[in-house]
Amino acid sequence: MKTEIYTIPIQDAFAEESECPVCRMYQKLEENAINYTIGPGASYMEGDIREQSDEQGFCQKHLEMLYEYPNKLGLAMMLKTHMDKTAKELKKAMKAPLPQAAVLFRKKSQTVHPVITFVEEKEKKCFVCDYINHSFTNYINTIYYLYEKEEDFRKQFAASKGFCVNHYKVLFSGAPEYMGKKYLNEFLMTLNETFINGYERVRDDLEWFICKNDYRYKEQPWKNARDALQRGLVKAGSIMEAEEKKE
Ligand SMILES: [Zn+2]
Ligand SMILES: [Zn+2]
């Protein structure tokens, strides 16, 4: 793994002091992936890449992001060939015998129809998600690497505002596989502490936000609660956009 390309974006993300530096990294990767998919490089005009996007399609979130991008013609071309392929595959799947009324199968469950299998498989795939995930794993591994190698990063990590629930789990679950004996325990304990402190801090801010909407607290100071809801969206749902739009 070429660690150097990954260390700087990670240090930048941790320096920004957001409610989840991993969300911040993911967001940058996502911007790059959207740019790669539909931007000026026109990767979608290359045969092997188009074959992939035809097969994988796009998840709801990324289809929406692609639609927001000014290149409507590019998206139309990608969608058209993706829909060609989907229609072809579905027509094949439709040829299988149709499902029977459930009442006939009380004991023996009938096999899942190919139409359902095909659509369910498709729902798991997304060209943009796939592109992001390739680098995302490397970024996560670089966090472990930096933690083991650099005292400064260990301090930065421990002083961070914590993580969203999803990325807390990602960091927690990957550590035993990547990290050596020397720092694993310390890392997991620091991770637990930073996560729960940050999570409960935002929870407390939300509590004060609720109070501040009550007339009895009108004269009290806002403390840190003004943007509590936006920061709650990061912690609970990995949603960064609202945190950026706050005043
Ligand atoms: Zn996150
Ligand atoms: Zn996606």
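Side-chain atoms are counted along with the backbone in the values below, which use heavy atoms only and exclude waters and symmetry mates. Note that this is a predicted model, so its numbers are computed, not measured. Just so you know, ligand 1 is whichever comes first in the structure, and atom 1 is the first atom listed for that ligand.
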Undergrad: Between the side chain of Asp130 and the main-chain N/O of Cys126, is any donor-acceptor distance below 3.5 Å?
TA: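 Not at all, since once roles are kept as given, no pair shorter than 3.5 Å links the two residues.
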Undergrad: Lys72 side chain to Tyr67 main-chain N or O, any donor-acceptor pair under 3.5 Å?
TA: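 Yes.
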Undergrad: Could you check whether any side-chain N or O of Arg201 sits under 3.5 Å from a backbone N or O of Gly162, counting only pairs where one atom can act as donor and the other as acceptor?
TA: no
Undergrad: Taking just the N, O or S atoms of His62, which one is nearest to the Zn ion (ligand 2)?
TA: ND1
Undergrad: Tyr139 vs Tyr6, test: ring pair (Phe, Tyr, Trp, His ring centres under 6.0 Å). Steps then yes/no.
TA: CA-CA 6 Å; Tyr139 276 106; Tyr6 302 108; 4.9 Å; yes
Undergrad: Please, which pairs that meet side chain to side chain donor-acceptor pair (under 3.5 Å) have at least one residue in residues 206-215, sequence neighbours excluded?
TA: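 Qualifying pairs, neighbours excluded: Asp214-Arg216.
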Undergrad: Protein N/O/S atoms under 2.8 Å from the Zn ion (ligand 1): how many?
TA: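 My tally for this metal is 4.
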Undergrad: Answer yes when Glu148 and Lys182 have at least one side-chain N-carboxylate O distance shorter than 4.0 Å, and no when they do not.
TA: no
Undergrad: Would you give the angle at the Zn ion (ligand 2) between Cys129 atom SG and Cys59 atom SG, to the nearest 10°?
TA: 120°
Undergrad: If only atom types and distance count, is the side chain of His113 paired as donor or acceptor with the main-chain N or O of Pro97 below 3.5 Å?
TA: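 Answer holds: yes.
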